[in-house]
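Taking it in order: structure first as structure tokens, then the write-up.
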Amino acid sequence: MAATGKRHIVILGGGTGGTLTANRLLRHFKHHRAGSDEVQITVVDRDDHHMYQPGLLFVPFGLAQHSEIVRSRHAQLHDGIEFIESGIDRVDHTNDTVYLENGRELAYDVLVIATGAQLAFDETEGLTGRGWNEKVFTFYDITGATGLETALAEFPGGNLVVNVVDMPIKCPVAPLEFCFLADWYFTERGIRDKVQITYATPLDGAFTKPVASATLSALLEEKGIHLITEFNTGEVVCDDDGNKLVGYDGREVPFDLAVVIPLHSGADYVGRSEGLGDELNFVPTDKATLQTLAKPNIFAIGDATNVPASKAGSVTHFEGEVLVENIIRFVEGRELDSTFDGHANCFIETGFGKALLIDFNYETEPVTGHFPAAVGMPLLKESRMNHLGKLMFQWVYWHALLQGRDIPGIGADMPKAGKHIPTKKEEAIV
Amino acid sequence: MSTATYAGVPVEVNDEGFFVDPNQWTRDIAVELAKADGIDELTAQHWTVLDFMRKEYFEKGTGPTVRVLGKTSGVSVKDLYLLFPKGPAKMAARIAGIPKPKGCI
């Protein structure tokens with residue numbers, strides 16, 4: 001127990017997972033328990049800029065501005081939660097202590113890892129070499145997304161290649177959305193016939209799950225977007241002879257403008273903390289309870305974990321309910337709740353004011369039907385309603401999700417009513 | 001799903017030739033699967049990768065991606081492609097008798 005006599009819950013990361021966990025925990029200890037001052041909640045982050053990451057997709061197309069998608073981190077945390085702005089040096093789980101880069105040491109009773117995933121640019125040869133942020137961009141950070149806005153506006157036509165280096169990545173549908181929006185954008189600019197759009201992915205289809213993959217492949221074809229599968233990018237080359245992606249298998253994809261989603265990894269401090277992370281610094285975590293395998297008093301949420309769910313804000317939101325329940329149970333010495341089902345819910349922007357919606361979990365792949373029940377938003381089908389849902393979500397994010405409120409009609413458990421779930425026999429065929 | 005016979009042993013495989021039950025696999029089967037995939041002889045380095053794939057599968061429930069394989073198997077990604085030219089993660093998984101890596105989403 002920490003020196004003050006209070007139980008100290010330390011949350012590393014003030015993004016989606018860290019913020020909603022802190023706010024949910026505070027509410028519980030304040031309103032549902034007597035003696036709420038027995039718990040101190042501290043959130044640590046290296047800066048005070050909370051990015052609405054889904055907004056990054058819209059920046060290159062002039063549909064969102066940097067200032068619209070960033071807010072203060074500490075302003076999202078409710079009164080009573082301590083915020084420390086510092087990088088993290090390492091976690092010493094043997095002594096239940098976090099060492100910060102500002103020299104402070106934080107002793108904790110419960111630790112939550114919520115530091116997300118980062119872009120590992122250096123893992124791909126040539127990616128940040130010649131041509132970087134001129135002909136080769138990423139839209140997964142604000143520098144790249146902003147640079148792309150100019151590059152797309154000035155693009156005279158030619159080969160636009162969108163490439164995912166390797167899985168897992170944050171929001172695995174975002175690169176497809178980028179392709180769809182590029183198709184719309186160049187149509188609006190009147191030069192679509194001068195632009196070849198190619199999507200090069202390491203997967204063996206447009207997406208990982210069969211039903212969604214078939215639907216998304218058909219959409220790519222309909223929009224004239226070329227699909228290259230099982231492409232593992234070894235090197236990015238920009239020289240006087242031209243620009244190309246070179247696969248480890250020797251295949252080459254020439255480009256005039258490349259949008260590359262780099263390999264992802266967990267935070268660097270995870271690698272410096274003995275026994276905490278895996279080879280890519282993701283934190284091995286029980287997929288049902290969200291307790292880490294490192295030590296019982298360390299939990300993890302969101303993109304930082306290695307659980308086999310999408311790295312997406314919706315997953316983090318659903319995890320939040322189970323995580324907070326389990327932290328409370330752990331503090332009270334009760335058995336953990338093993339109910340996180342991998343629920344994910346994602347809008348897929350398809351251009352021209354439309355979007356698809358997918359809803360799935362560890363066991364059930366994205367299928368057709370309606371969400372959340374037989375009457376509701378269409379699943380795996382383009383509609384204007386889904387597009388409006390996607391736009392509205394930014395408001396929901398700041399005002400409900402981060403605040404740790406439940407969103408009406410959308411619970412942690414994936415709903416099955418309204419879904420056309422294949423029978424075992426049909427599954428065997430796909 | 002169907003039944004195939006390798007090295008005289010009937011095994012259950014899915015439509016893409018991946019094993020349904022990794023416990024049905026033997027080293028003799030791997031030699032035969034490799035030959036069918038164009039690898040005439042499994043070298044010590046091939047075996048290093050195959051053994052690593054199986055170990056990862058039994059520990060984590062899925063085979064590793066190419067990157068993770070390159071970081072942890074002791075064989076670089078470039079060399080992995082020389083050993084398993086049709087794509088290391090899938091080809092090695094098939095020969096190692098484990099299900100297709102999920103490539104987490």
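Every chain is numbered from 1 and lettered A, B, ... according to where its sequence line falls, protein lines coming before strand lines.
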Region of [X] in contact with chain B, defined by heavy-atom distances below 4.5 Å:
| X | result |
| --- | --- |
| A:E230 | side chain |
| A:D278 | neither |
| A:E235 | neither |
| A:D249 | both |

* Looking at CD of A:E125 and NZ of B:K78, how far apart are the two atoms once the value is rounded to the nearest 0.5 Å? -> 5.0 Å

* Structure fact -> Output for pair (B:D79 CG, A:Y248 OH), nearest 0.5 Å, gives 11.0 Å

* To do: Select one option (side chain, backbone, both, neither) describing which atoms of B:K71 are under 4.5 Å from chain A's heavy atoms.
  => side chain

* Which atom of B:V66 lies closest to which atom of A:D166, heavy atoms considered -> N-OD2, 4.4 Å

* Asked: If you count the non-hydrogen atoms of other residues, nucleotides and ligands that lie under 6.0 Å from CD in A:E279, is the total more than 12?
  -> yes

* Relative to chain A, which of B:N14, B:T72, B:V68, B:L82 shows the most heavy atom pairs under 4.5 Å? -> B:V68

* Any donor-acceptor pair under 3.5 Å linking the side chain of B:R67 with the backbone of A:E123? -> yes

* To do: Taking the side chain as every heavy atom from C-beta outward, state whether B:Y81 and A:N232 have any pair of such atoms under 4.5 Å apart.
  => yes

* Could you check if a side-chain atom of A:N306 sits within less than 4.5 angstrom of a side-chain atom of B:K60, using non-hydrogen atoms only? => no

